[in-house]
*Asks:* 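Below are the C-alpha cells for one structure; questions will follow.
All chains are named by letter (A, B, ...) in the order of the sequence lines, taking the proteins before the strands, and each is independently numbered beginning at 1. Since the model is a prediction, treat every value here as computed from it, not as a measurement.
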Amino acid sequence: MNDSDTPKKSNFIRQIIESDLASGKHVAIQTRFPPEPNGYLHIGHAKSICLNFGVAEDYDGRCNLRFDDTNPHKENAEFVRAIEEDVRWLGYDWEERMFFASDYFEPLYEFAVELIRRGRAYVCDLTAEQIRDYRGTLTEAGRDSPYRERSVEESLDLFARMRAGEFPDGSRVLRAKIDMASPNINLRDPTIYRIRHGVIHHQTGDEWSIYPMYDFTHCLSDMLEEVTHSLCTLEFEDHRPLYDWFLDALETPCHPRQIEFARLNLEYTVLSKRKLTELVDGGHVESWDDPRMPTIAGLRRRGYTPVSIRNFCERIGVTKADSRVEMQILEGCIREDLEQHANRRLAVLDPLKVVLTNYPEEREEEFEVPNHPQEPGMGERPVPFCRELWIERADFMEEAPRKFKRLVTGGEVRLRNAYVIRCDEVVKDDAGEIVELRCSYDPETLGRNPEDRKVKGVIHWVSARHGVSAEVRLYDRLFTVPNPEGEEDWLSAINPESLEAVTAVVEPALADAAPGERFQFERTGYFCADRRDHSAERPVFNRTVALRDSWAKIAGKG
RNA sequence: UGGGGCGUAGCCAAGCGGUUAAGGCACCGGUUUUUGGUACCGGCACUCCCAGGUUCGAAUCCUGGCGCCCCAGCCA
C-alpha cells in the first residue's frame with residue numbers, strides 16, 4: 001500500500017473507507033468512474049479517475065468504468081471510444097467491468113414500475129413550463145401537480161404506453177412522488193423518465209422511446225454494481241437525499257454511500273465540458289486533442305506523461321473546499337518526470353549564423369554526446385560539427401549587462417559538448433540587424449577547460465551543414481486571466497498568442513524521432529514530436545513546457 | 001427572507017483537545033554544475049475568516065457574526 005518512507009495519502013474519503021473496512025461494514029470496496037460520453041475527458045476527470053481507481057487499487061478493491069449514457073441527444077460512440085482510450089492511457093484497468101447505464105434500462109424500467117405500484121411515482125401530464133411553474137422557487141414551496149393523485153393503475157397504464165411510444169415528446173413524464181414543499185428543490189417530485197422519440201442511442205439504437213434521468217439511474221446503477229462508495233462532485237451534494245430516497249423506497253439489497261468532493265479548477269483554462277465543446281465547435285482550437293486543451297488527449301499530444309498527471313492528482317489532494325490550482329503544480333509534475341527520463345537534444349529555435357573563421361572549410365567532426373548528463377545508461381548519439389553553426393539569437397548581445405554570461409563581442413563562451421569560441425566580429429545587414437557572427441574556436445578546449453582563464457557561459461548550437469529544419473510549436477496558456485469562467489465574456493479572454501509556430505534548426509538525430517517521442521531541448525524546454533503531424537521529412541515538435549529560466553527573472557528585474 | 005456546503009501561507013493541503021502548525025508548488029538566499037537546467041543546503045503561518053465562550057490547555061469543542069460556492073433541466 002504505502003511504503004513507510006512515502007507519506008501516507010490522507011484525505012477524508014480514504015478515512016471513511018478505512019473506517020468502513022475496520023468496522024467490517026465492507027469486506028471489499030467497489031468504486032466506479034461514471035463519465036457521460038458527451039465529450040472528451042479533461043484533467044478534472046483525471047482527478048476523479050485517480051481517486052476512484054487509486055482508492056480501489058490501494059484497498060484491494062475494484063473500480064468499474066461505467067458510461068452514464070441516459071441522454072442520447074448529446075452522447076455518441078466516438079466519445080465512448082475516446083474515454084476508454086484516455087482512462088487506459090492514464091494507466092488504469094477496469095478488466096471486464098466496462099458497463100453502460102443503458103445496460104440497465106430494462107431493470108430500471110422495472111424499478112420504475114415498482115415505484116408506481118408502491119404509490120411513490122406517477123405519470124404527470126404537465127408541460128415542462130408548467131412543471132417549472134408548479135415547482136415554486138428557492139424561497140417558496142411548490143404546488144402539487146393535478147396529476148399527483150392519479151391512480152396507480154392509470155399511471156401504470158400510461159407509463160407502459162410511454163414506453164410503447166404512444167405519446168409525443170414532452171407530453172408526459174414519470175415523476176417521483178416526494179414533497180412539493182421540500183426546502184430542497186430536488187425533492188419536489190423530480191422527473192425520473194422523459195419521452196424521447198426518434199433518437200438513435202449509440203448503445204440501444206431505437207429500442208427505447210423513454211429515457212431515465214440521472215438521479216434515478218445513478219443510484220440504482222451503483223446498487224446493481226454493488227458499489228460501496230459512490231464518489232462524485234460537490235454539486236451533487238443536494239441530490240444525496242434523492243439518491244438515498246430511491247434506494248430506500250425500493251428496498252434494495254445494498255445501499256451505496258455517496259460522498260462528494262470538490263471538482264478541480266485550474267488557472268488559465270476552463271474545465272467544463274460545455275465550454276470545452278464550445279472551444280472545439282467554435283474553432284477556437286483545432287480539436288479536442290489540441291495541445292492547448294486541458295483534455296487528457298490534449299495533454300497527451302502536448303507531451304504530458306501518464307505518470308505526471310497521476311502525480312499531479314496526488315499532489316492537489318481531495319477535499320470539499322473549492323479551489324483553483326496553479327498551473328505551476330502541473331508544470332512541475334511534468335518537468336520532474338521528463339527531467340529524469342527525456343533524452344537531451346540540441347535545437348536552435350531562433351537561429352543566428354556563426355562562422356568559425358579558423359576552422360578549416362572542409363573539416364567535419366562528430367562528437368558522441370550523452371543523451372542524459374547524469375544517466376550514462378541512457379546512451380549517447382553522434383552530433384556533427386563544422387565551420388558554420390547556428391546559435392540562439394538570444395545567446396548573443398553586443399552590449400550586455402554584467403550578469404550576462406553568454407556570448408558578447410570579444411568574449412568567449414562554451415559551445416555545449418564542443419569547443420570554446422570567441423566572437424571576433426559582428427556582421428550586420430543594411431537595416432542594422434545582426435546576420436552573422438565571425439568567431440574563432442580554441443582547439444584545446446574540447447572536453448577540457450582552458451587553464452589560464454575562466455569561461456562561464458555554455459550555449460547550445462546546431463551544425464549549419466547538418467542541421468535539420470523543423471516546425472516548433474510554442475504553446476502558452478489558453479486564456480489571459482486565471483479564471484476565465486468568471487469573465488463576463490469568457491471567449492474574449494482567449495490568449496491570442498497561445499500558439500506561436502517557429503522554424504527551428506535541430507540536430508539531425510531529431511529527424512528520426514518517433515511521433516509522440518519526448519525530448520529535452522537543452523537550455524530551452526521539453527518538447528515532443530507531434531503525434532499527428534511529425535514525420536522525418538517534415539519534423540514537427542510541440543513544446544510541452546519550458547525549462548525553469550532564472551536568467552529571465554534576473555533580466556526581467558533589469 | 002429557503003436549502004446544502006466550504007473558510008489553515010501567494011496556490012494546493014495535513015491536522016481530529018496537549019505538535020516548535022506536516023508536506024508539495026511558488027518565492028528568496030547559498031553550494032555544485034560544460035544546460036542561467038538538475039541536484040543539494042537554508043529561509044518562508046508566534047498563528048489557523050472574525051468575535052466571544054468552555055478548558056490547566058483550542059486550528060481542533062460551543063455560540064454569534066462575516067465571506068465564498070452550489071441548487072428552481074423533461075442535462076449530468
*Asks:* Partner of B/C61 by Watson-Crick or G-U wobble geometry, both contacts under 3.5 Å, or none?
*Replies:*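 Partner of B/C61: B/G53.
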*Asks:* Return yes if the base of B/G36 and the side-chain atoms of A/R406 contain a donor-acceptor N/O pair under 3.5 Å, otherwise no.
*Replies:*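 Checked by distance alone, the answer is yes.
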*Asks:* Taking 4.0 Å as the cut-off, does a side-chain nitrogen or oxygen of A/R324 come that near to OP1 or OP2 on B/C25?
*Replies:*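 Negative; the distance criterion is not met.
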*Asks:* Going by purine N1 to pyrimidine N3 plus the second Watson-Crick contact, or the G-U wobble pair, all under 3.5 Å, which nucleotide sits opposite B/C46?
*Replies:*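 Base-paired to nothing in any strand shown.
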*Asks:* Is any side-chain N or O of A/R523 under 3.5 Å from a base N or O of B/U35, one able to act as donor and the other as acceptor?
*Replies:*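 Answer is no: no donor-acceptor pair is held.
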*Asks:* Which part of the nucleic acid, if any, lies within contact of A/R135, taking any heavy atom under 4.0 Å across all strands shown: a base, the sugar-phosphate backbone alone, or nothing?
*Replies:*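 It contacts sugar-phosphate atoms only.
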*Asks:* Between B/C70 and B/G65, how many Å separate the two C1' atoms, rounded to a whole number?
*Replies:*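 Here B/C70 and B/G65 have their C1' atoms 22 Å from each other.
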*Asks:* Determine: side-chain N/O of A/Q15 to OP1/OP2 of B/A14, distance under 4.0 Å, yes or no.
*Replies:*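 Answer is no, no contact under 4.0 Å.
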*Asks:* Is the phosphate of B/A13, meaning OP1 or OP2, less than 4.0 Å from a side-chain N or O of A/T319?
*Replies:*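 So the side chain of A/T319 is within the cut-off, an N or O lying under 4.0 Å from OP1 or OP2 of B/A13.
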*Asks:* Answer with base, sugar-phosphate or nothing: what part of the nucleic acid does A/Q520 contact at a heavy-atom distance below 4.0 Å?
*Replies:*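 If one applies the 4.0 Å heavy-atom cut-off, A/Q520 turns out to touch a base.
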*Asks:* Between A/E392 (CD) and B/G36 (P), how many Å, whole number?
*Replies:*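 Spelled out: CD on A/E392 to P on B/G36 is 12 Å.
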*Asks:* In whole Å, what separates the C1' atom of B/G15 from that of B/G23?
*Replies:*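 Between the two C1' atoms, the distance is 12 Å.
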*Asks:* At under 4.0 Å between heavy atoms, what does A/F236 touch on the DNA or RNA strands: base, sugar-phosphate, or nothing?
*Replies:*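 The answer is base, as A/F236 lies within the cut-off (heavy atoms under 4.0 Å) of a base atom.
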*Asks:* Using a cut-off of 4.0 Å on non-hydrogen atoms, how would the nucleic acid contact of A/L126 be classed: base, sugar-phosphate, or nothing?
*Replies:*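 The answer is base, as A/L126 lies within the cut-off (heavy atoms under 4.0 Å) of a base atom.
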*Asks:* Is any side-chain N or O of A/K273 closer than 4.0 Å to OP1 or OP2 of B/C75?
*Replies:*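 Result: no.
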*Asks:* Rounded to the nearest 0.5 Å, what separates atom CZ in A/R414 from atom CG in A/N449?
*Replies:*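 If I round to the nearest 0.5 Å, the distance is 5.0 Å.
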*Asks:* To the nearest Å, give me how far apart CD (A/E18) and P (B/A14) are.
*Replies:*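 For the pair A/E18 CD and B/A14 P, the rounded distance is 14 Å.
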*Asks:* OP1, OP2 of B/A76 versus side-chain N and O of A/R263: anything below 4.0 Å?
*Replies:*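 Negative; the distance criterion is not met.
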